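Have a look at the structure below, then the notes.
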Amino acid sequence: MALNLIFLGPPGAGKGTVAQAVMEKYKLTQVSTGDLIRAEIASGSKLGKELAEIVNKGHLVNDDQIAQMLEADLKTKAAKASFSGFILDGFPRTLPQAPMLESILGKINQKLTAVIYIESSKESVVKRLSSRWTCSVCKKVYNTVSLPSKKLGVCDDDGAKLIQRDDDKPETIAKRYDTFLEKTSPLIEYYNKKGLLHRYDGNVPPAESVSAAEKIIAKIAKN
Ligand code: AMP
């Protein structure tokens, strides 16, 4: 049985960082709708230009549009012989997206194993995101305060340039947090009722957050 996990939490809760740390151990594939959107924007397509306008305001992309992008990506990844599960970061982000995910998973013969909610305050995510840098090539995430690269501005793994996301500006971050409270937080209760929710306090340094998530995942993987 595949281990299919959702990481839920406000932007900057550490979903990507924790995903990077546990992926290798459990041979999981990371699926990030934010990365899919950024790839489309970087391609310079007409759709990419429309998406950039929405994302840079801190708003959410239309449910159907993002579900289609996710379905295509998950289908490709789940079809690989080496597939043993995924960590989904950034989807679902609204209540209507939850049944959309169930329908996508049904089509590819997969089931959701668990949802991990990383609780984080507005104060700690604003602090974290304003010092977040991402590798322009492999997308590895660094933090100039808590998780710096060995050489300033350069990725440890591939030597590529680190860049700051356009939507990581303080006023956009605050807006994205409010969007999370309004649109995404109802999903916590949704998955709690389904008996799938596990939560932990993410207002801690990255290494502690990773180890809290690892403990939860180890328990889930055993069952
Ligand atoms: P992220 O990297 O997950 O913070 O996503 C960056 C931005 O992409 C978000 O602020 C949204 O504008 C958009 N986005 C990502 N995932 C979704 C989703 N599931 N539904 C709607 N918009 C999304």
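No experiment lies behind these values; they were computed from the predicted model shown.
Taken together through direct or relayed side-chain contacts under 4.5 Å among Ile, Leu, Val, Met, Phe, Trp and Tyr, L196 and L88 form part of one hydrophobic cluster. Clustering ILVMFWY residues whenever any of their side-chain heavy atoms sit less than 4.5 angstrom apart, transitively, puts I108 in the very cluster that holds M69. Connection of L147 to V204 is not established within any shared hydrophobic cluster, with ILVMFWY side chains joined at heavy-atom distances below 4.5 Å, either directly or through further cluster members. Y117 and V125 fall within a single hydrophobic cluster, where Ile, Leu, Val, Met, Phe, Trp and Tyr are joined by side-chain heavy atoms under 4.5 Å apart, directly or via other members. Following chains of ILVMFWY side-chain contacts shorter than 4.5 Å, one cannot reach F7 starting from I37, and the two form parts of different hydrophobic clusters.
Other residues, nucleotides and ligands contribute at most 12 non-hydrogen atoms within 6.0 Å of the CD atom of E123. Residue D157 places its CG atom among more than 12 non-hydrogen atoms of other residues, nucleotides or ligands, all under 6.0 Å distant.
For E102, the side-chain contact (heavy atoms from CB on, under 4.5 Å) test picks out Y190, K194, with sequence neighbours left out. Remark: K127 engages no residue in a salt bridge (charged side-chain N to carboxylate O under 4.0 Å, His left out) (not counting sequence neighbours). In this structure K161 satisfies the salt bridge (charged side-chain N to carboxylate O under 4.0 Å, His left out) test with no other residue, sequence neighbours excluded. Residues satisfying the salt bridge (charged side-chain N to carboxylate O under 4.0 Å, His left out) criterion with R128, sequence neighbours excluded, are absent altogether. With sequence neighbours left out, K175 forms a side-chain contact (heavy atoms from CB on, under 4.5 Å) with H59, T179. For K75, the side-chain hydrogen bond (donor to acceptor under 3.5 Å, both in side chains) partners at least two apart in sequence or on another chain are E71. For the side-chain contact (heavy atoms from CB on, under 4.5 Å) test, residues two or more places apart in sequence or in another chain that qualify with E50 are K46, L47, Q65. Residues forming a salt bridge (charged side-chain N to carboxylate O under 4.0 Å, His left out) with E119 (at least two apart in sequence, or on another chain): R199.
Remark: the backbone N or O of V126 is paired with a side-chain donor or acceptor of S130 at under 3.5 angstrom. With D156 contributing its side chain and K150 its backbone, the two residues share a donor-acceptor pair below 3.5 Å. Side-chain atoms of R165 never come within 3.5 Å of backbone atoms of L129 as a donor-acceptor pair (strictly under, hydrogens ignored). Looking only at distances, a side-chain donor or acceptor of N4 sits under 3.5 Å from a matching main-chain atom of F86.
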Identify every side-chain donor-acceptor pair in residues 25-36 under 3.5 Å, counting partners at least two apart or on other chains, and give the distances.
from, atom 1, to, atom 2, distance (Å)
S32, OG, G34, N, 3.4
S32, OG, D35, N, 3.0
T33, OG1, G90, O, 2.9
D35, OD1, R38, NH2, 2.9

Side-chain donor-acceptor distances from residues 12-23 under 3.5 Å, at least two apart:
from, atom 1, to, atom 2, distance (Å)
K15, NZ, G9, O, 2.9
K15, NZ, P10, O, 3.1

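No side-chain heavy atom of T172 sits under 4.5 Å from any side-chain heavy atom of N56. Within the 4.5 Å cutoff, the side chain of D158 has heavy atoms near those of the C135 side chain.
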*Which is it for K122 and D178 under the salt bridge (charged side-chain N to carboxylate O under 4.0 Å, His left out) test, yes or no, and what are the steps along the way?*
CA-CA 9 Å; K122 188 172 192 170; D178 294 340; 3.2 Å; yes
*side-chain hydrogen bond (donor to acceptor under 3.5 Å, both in side chains) between S124 and N203, intermediate numbers included*: CA-CA 7 Å; S124 73; N203 297 295; 2.8 Å; yes
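Counting side-chain heavy-atom gaps under 4.5 Å among Ile, Leu, Val, Met, Phe, Trp and Tyr, the cluster of L162 also holds W133, Y142.
For residues 84-100, the set of pairs meeting the side chain to side chain donor-acceptor pair (under 3.5 Å) definition, not counting sequence neighbours, comprises D63-T94, D63-Q97.
In the model, Y200 has a side-chain atom that pairs as donor or acceptor with a side-chain atom of S209 under 3.5 Å. N143 and S131 share a side-chain donor-acceptor pair at under 3.5 Å.
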